[in-house]
Amino acid sequence: MRPHRPAAGTSRSRIVLTVQMLRTPMAPDPELLHPGTTRYRTQTDWKSLGMKLGAFLAFTVLLVTVGWILSAAMLFWFVARAMGSPRPAMDLGIALVFSSAVQAFFSASLDLNLPAGILEGIF
């Protein structure tokens with residue numbers, strides 16, 4: 001199968017669903033309206049979104065200098081914190097184990113080297 005066919009099918013589905021939504025909009029959920037008004041309450045957690053975006057930007061900046069294990073652990077930890085995890089020490093441990101496992105998988109199974117950064121001499 002050529003790759004442009006699934007992409008075209010996805011685009012067609014997107015267009016059809018958009019037209020359907022614009023033609024027959026659904027009534028809003030009453031729980032999303034402020035009492036006595038027709039204004040919607042926002043469902044976006046801007047603080048959480050900002051933390052995730054900041055963590056991703058820091059990950060991309062620090063990846064080469066700090067290395068995959070530490071920068072990915074930092075990314076995973078910040079995302080867990082942004083999602084409201086109450087245990088930061090456990091999150092940090094899980095993040096380090098997970099990023100180390102990804103590093104090991106990439107180097108052993110796929111024969112691809114992720115940036116080692118400051119841990120280059122250790123591993």
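Residues take their numbers from the sequence shown, with the count starting at 1. In this text, all values refer to a predicted model and were calculated from it rather than measured experimentally.
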State the CH2-OG distance between Trp68 and Ser100, to the nearest 0.5 angstrom.
10.5 Å

Using the rule that Ile, Leu, Val, Met, Phe, Trp and Tyr join whenever any side-chain heavy atoms are under 4.5 Å apart, tell me whether Met83 and Met51 fall into a single cluster.
yes

Under 3.5 Å: donor-acceptor pair, side chain of Arg14, backbone of Thr18
no

Would you please test Ser107 and Asn113 for side chain to side chain donor-acceptor pair (under 3.5 Å) and show each step?
CA-CA 5 Å; Ser107 61; Asn113 294 326; 5.5 Å; no

Do Leu114 and Ile69 touch side chain to side chain, with heavy atoms closer than 4.5 Å?
no

Determine whether Phe105 and Ile94 fall in the same hydrophobic cluster, where Ile, Leu, Val, Met, Phe, Trp and Tyr are linked whenever their side-chain heavy atoms lie under 4.5 Å apart.
no

So, taking the atom named CZ in Phe76 and the one named CZ in Phe59, what distance separates them when rounded to the nearest 0.5 Å?
7.0 Å

According to a 4.5 Å side-chain heavy-atom criterion applied to Ile, Leu, Val, Met, Phe, Trp and Tyr, with indirect links allowed, do Ile118 and Trp77 form part of one hydrophobic cluster?
yes

Is there a chain of hydrophobic side chains (I, L, V, M, F, W, Y, each step under 4.5 Å between heavy atoms) that links Leu62 to Leu57?
no

Which atom of Met74 lies closest to which atom of Ala55, heavy atoms considered:
CE-O, 3.9 Å

Please give me the minimum heavy-atom distance between Gly67 and Ser71, naming the atom from each residue.
O-OG, 2.6 Å

Can you name the one residue among Val66, Thr65, Leu63 that meets side chain to side chain contact (heavy atoms under 4.5 Å, CB included) with Pro115?
Leu63

Can you measure from CG (Asp91) to CG (Leu96) and round to the nearest 0.5 angstrom?
11.0 Å

Ser85 side chain to Arg81 main-chain N or O, any donor-acceptor pair under 3.5 Å?
no

Between CG on residue Leu70 and OG on residue Ser99, distance to nearest 0.5 Å
7.5 Å

Nearest 0.5 Å, please: how far is CG in Leu112 from CZ in Phe106?
6.5 Å

